Amino acid sequence: MNNDTNTTLNAAAIAAGCAASASRIAIEVVAETGSTNADLLARLPGAAKATGEAAALGQDGQDALGDTGLLDGPTLRIAHVQTAGRGRAGRPWLSAPGASLTFSLAWPFKGPLQQLAGLPLAVGVAIAETVASLGVPVQLKWPNDVLRDSAKLAGILVETQSASDGRIWAVIGCGMNLLMPDELEAGIGRSDVAAAPWLAQMERNALVAALLSRLAGALAEFDDTGFAAFAERWNALQAWRGEPVSILDQGQIVQQGLAAGVDDIGRLLLDTPAGRVAVLSGDVSLRRAS
Ligand SMILES: O=C(O)CCCC[C@@H]1SC[C@@H]2NC(=O)N[C@@H]21
């Protein structure tokens with residue numbers, strides 16, 4: 001089944017499906033906005049006046065102003081449509097209406113900021129494990145892309161900010177491709193994007209509740225222990241483990257080696273002819289130097 005009832009997001013239905021770990025998360029559903037990440041960042045304590053424009057859905061009893069106040073606790077914002085989605089490294093995040101999940105979760109941490117090293121990877125683990133538990137096996141591409149058959153199923157953008165309430169906040173954005181955009185199905189455009197029709201058939205609120213429940217548990221654990229507790233789980237999910245990969249910086253190959261997992265702070269380990277190196281930034285690719 002994949003009709004409107006199945007895909008209409010509803011805050012109360014999401015909350016009803018959540019585990020206790022997610023019970024204190026405020027949930028906002030909007031029909032359309034520019035970027036759910038930008039919306040939440042603009043509402044952190046001490047942030048400049050909110051700029052996100054949202055058309056709230058009447059069914060959740062929200063009005064256009066009621067969901068734009070300052071945040072005081074964990075908040076999920078999920079949009080049916082995003083018109084200015086953003087991705088890592090300043091790239092745009094494009095998603096066809098109805099074909100994807102686009103949501104952000106604002107979460108306050110005890111801090112300090114350095115303790116959030118590895119957070120994007122821990123988020124990747126939580127999302128990949130949720131998807132796998134729902135019957136879709138996936139892998140992780142460093143730092144945190146969720147891959148299915150080597151193509152991108154979900155992207156994660158974590159933006160952190162030190163707020164005037166003395167806490168460090170992370171706004172964790174996730175875009176998940178559920179159905180292929182029409183042009184991809186017609187064989188036009190990018191072929192490096194994966195979809196998960198199996199997940200698309202799931203009742204959408206139940207899918208969000210499953211993701212939110214596991215994320216909430218993972219974020220609480222991360223706040224207590226940092227990334228070390230996630231490293232082994234990340235390594236078990238690594239795509240192309242032991243295979244030759246390249247590290248790209250602005251599209252140029254800057255390092256090559258065999259993918260060897262991550263260390264306890266989330267750096268990518270590469271086995272090179274000169275020994276093992278730890279990579280801090282860049283994009284992983286299967287591209288080889290010509
Ligand atoms: O792979 C990436 O580059 C990260 C993509 C993150 C996209 C999501 S969609 C929901 C949230 N809002 C945004 O503007 N971006 C994130």
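This chain uses plain numbering: 1 for the first residue, then up along the sequence. Indexing begins at 1, ligand by ligand and atom by atom, following the structure's order. This is a predicted model, so every value here is computed, not measured.
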Contacts for ligand 1, heavy atom under 4.0 Å, by chain and number, are Ser35, Thr36, Asn37, Gln82, Gly85, Arg86, Gly87, Arg88, Trp93, Thr102, Phe103, Ser104, Asp145, Lys152, Gly155, Ile156, Leu157, Gly173, Cys174, Gly175

If a pair satisfies salt bridge (charged side-chain N to carboxylate O under 4.0 Å, His left out) and one of its residues is in residues 247-257, list it, with sequence neighbours excluded. none

Less than 6.0 angstrom from the centroid, inside 45 degrees of the normal: does Arg24 satisfy that with respect to the ring of Trp107? yes

Side chain to side chain donor-acceptor pair (under 3.5 Å) partners of Asp264, counting only residues at least two apart: none

Quick one: CZ on Arg276 to CG on Leu258, what's the gap to the nearest 0.5 Å? 9.5 Å

Sorted by chain and residue number, the side chain to side chain donor-acceptor pair (under 3.5 Å) partners of Arg267 (sequence neighbours excluded) come out as Asp263

Between Lys110 and Asp224, is a salt bridge (charged side-chain N to carboxylate O under 4.0 Å, His left out) present by the stated rule, with each step listed? CA-CA 9 Å; Lys110 297 194 282 259; Asp224 287 339; 3.0 Å; yes

